[in-house]
Amino acid sequence: MEYLRDEHLDPAVAAAYDSAPGHRSSAAEVDPVVDVLADLAGDGTAVEFAIGTGRIGLPLAACGVPVVGLDLSEPMVAELRAKPGGEAIPVTIGDMAAVQVTEGATLVYLVFNTIQNLLTQEAQVACFANAAAHLAPGGRFVVETTVPQLARLPPGETIRPFDVTPEHLGFDEYVDPVAQLTRSHHYFFEGDRVRRVSGTFRYVWPSELDLMARLAGLELEHRWADWDRSPFTSDSAAHVSVWR
């Protein structure tokens, strides 16, 4: 079905990705992520699943961490290649649930809700297995993603706003609670023009991710509410999880 198509395969979406409100490309947003990932990678190689436009991969490589990328979207990778340093990062076009690009890495990471781009539980399980196949003994897999907000939906409602600003309106539509599918609707206000983008995602619970990790031979080492390593609680809207 067309609505299941990955929005990031669209060249227009890729071209506007870094400048879109809410995509967290400022140094204040990026630097804490890079600091944590560099610490976890140590002296080894880091593999970024869904490296995209290089929002994290490029600054991480700039601090001396060897980075290898994997992404399904050629338009997103083309944006990375156009940036300073973008040609120096090895990137494979392929499915993060199936394609292995190296072995013996100390870190594999998947940030900014991108685990939800895999639209079935089977694909998400396969992603964990693929991450584990990339890792040296003691290596880590890091996932940053939101916690499903079903409890905040009023009875009978399926749509919840997550960002309402003069530049951007964002709404999550919970379309299939059995398959755990949402549609994320974005309206970007650019002068007198409104640009609309909608994508389908599979939300996943922290406990479900822990079971996927266990099936892949990994165990939970850390779970934080954000990249500042603040404690994860029942009120946290997102988490950064580290399995080893």
Side-chain angles (χ1 to χ4, degrees), residues 7-8 13-41 46-65 67 69-71 73 75-77 79-86 89 91 96 107-117 140-149 160-172 182 184-190 195 197 199 201 203-204 206 209 222-233 235-242:
E7 62 179 350
H8 303 98
V13 171
Y17 185 83
D18 288 336
S19 61
H23 281 185
R24 297 164 47 184
S25 296
S26 70
E29 296 280 0
V30 169
D31 289 352
V33 182
V34 171
D35 289 345
V36 171
L37 295 177
D39 181 47
L40 294 175
V47 179
E48 181 168 2
F49 284 1
I51 192 170
T53 64
R55 181 181 72 96
I56 301 301
L58 284 170
L60 183 60
C63 9
V65 177
V67 175
L70 176 63
D71 202 289
S73 172
M76 294 285 281
V77 174
E79 295 295 320
L80 180 154
R81 293 292 188 220
K83 296 177 181 178
I89 295 180
V91 179
M96 63 186 174
L107 178 69
V108 176
Y109 64 95
L110 179 57
V111 298
F112 202 33
N113 306 321
T114 316
I115 186 69
Q116 297 184 37
N117 287 20
R140 296 174 170 99
F141 183 35
V142 177
V143 171
E144 175 198 18
T145 193
T146 54
V147 177
Q149 298 297 299
R160 179 179 179 271
F162 61 84
D163 189 38
V164 179
T165 69
E167 298 81 25
H168 174 240
L169 298 179
F171 303 90
D172 278 336
T182 62
S184 186
H185 303 286
H186 299 265
Y187 298 84
F188 300 103
F189 300 96
E190 301 164 345
R195 180 169 58 89
V197 178
F201 303 93
Y203 59 86
V204 58
L209 291 170
H222 303 290
R223 175 161 289 137
W224 303 305
D226 207 341
W227 294 100
D228 60 4
R229 308 193 199 214
S230 54
F232 177 79
T233 72
D235 294 325
S236 299
H239 61 99
V240 176
S241 295
V242 183

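- Counting only N and O atoms by type, the side chains of Asp235 and Thr233 include no donor and acceptor under 3.5 Å apart.
- Two residues are said to be in side-chain contact when any heavy atoms from C-beta on lie closer than 4.5 Å; His239 and Thr145 meet this criterion.
- Here the side chains of Phe112 and Arg55 are in contact, with some heavy-atom distance below 4.5 Å.
- Atom-to-atom distance recorded for His185:NE2 and Phe171:CZ is 9.5 Å, nearest 0.5 angstrom.
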Q.
Is there a side chain to side chain contact (heavy atoms under 4.5 Å, CB included) between Val147 and Phe232? Walk through the geometry before answering.
A. CA-CA 11 Å; Val147 177; Phe232 177 79; 3.9 Å; yes
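- Checking side-chain atoms of Glu48 against main-chain N and O of Tyr109 turns up no donor-acceptor pair under 3.5 Å.
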Q) Hey, mind stepping through Thr146 and Tyr203 against side chain to side chain contact (heavy atoms under 4.5 Å, CB included) and telling me if it holds? A) CA-CA 8 Å; Thr146 54; Tyr203 59 86; over 6 Å; no
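- Residues Leu37 and Trp227 form a side-chain contact, since some pair of their non-hydrogen atoms from C-beta on lies under 4.5 Å apart.
- For the atom pair Asp31 CG and Cys63 SG, the distance stands at 8.5 Å (nearest 0.5 Å).
- Contact between Ala61 and Val67 at its shortest, heavy atoms only, is N-CG2, 3.8 Å.
- Using the six-membered ring where Trp is involved, Phe188 and His168 have ring planes that are parallel, under 30° apart on the 30 and 60° scheme.
- Checking each of Thr114, Leu80, Val111, Ile56 against Ile51 for a side chain to side chain contact (heavy atoms under 4.5 Å, CB included) leaves exactly one that passes, namely Leu80.
- We find the CZ-CG distance between Phe49 and Asn117 to be 13.5 Å, quoted to the nearest 0.5 Å.
- Once rounded to the nearest 0.5 Å, the distance linking CZ of Arg140 with CG of Asp39 reads 7.5 Å.
- Scanning both residues, Gly54 and Pro59, for their nearest heavy atoms gives O-CD, 3.6 Å.
- A distance-only check finds a donor-acceptor pair linking the side chain of Asp71 to the backbone of Ser73 [under 3.5 Å].
- Judged purely by atom type and a 3.5 angstrom limit, Asp172 has no side-chain atom pairing as donor or acceptor with the backbone of Arg160.
- Checked against salt bridge (charged side-chain N to carboxylate O under 4.0 Å, His left out), Glu79 has no partners two or more places apart in sequence or in another chain.
- Closest approach of Ala46 to Val65, counting heavy atoms only: CB-CG1, 3.8 Å.
- The main-chain N or O of Ser241 is never found under 3.5 Å from a side-chain atom of Arg223 such that the two would form a donor-acceptor pair.
- For the pair Leu40 and Val242, the minimum side-chain heavy-atom distance is below 4.5 Å.
- The structure places OG1 of Thr182 at 9.5 Å from CG of Asn113, a figure rounded to the nearest 0.5 Å.
- Taking both residues in full, the closest heavy atoms of Asp18 and Ser25 are given as O-OG, 3.4 Å, listed atom of the first, atom of the second, then distance.
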Q: Would you check, one step at a time, whether the test side chain to side chain contact (heavy atoms under 4.5 Å, CB included) holds for Phe162 with His186?
A: CA-CA 10 Å; Phe162 61 84; His186 299 265; 3.5 Å; yes
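- Scanning both residues, Leu169 and Val164, for their nearest heavy atoms gives CD2-CG1, 3.6 Å.
- Taking each heavy atom of Gly69 and Ile89 in turn, the nearest pair found is N-CG2, 4.3 Å.
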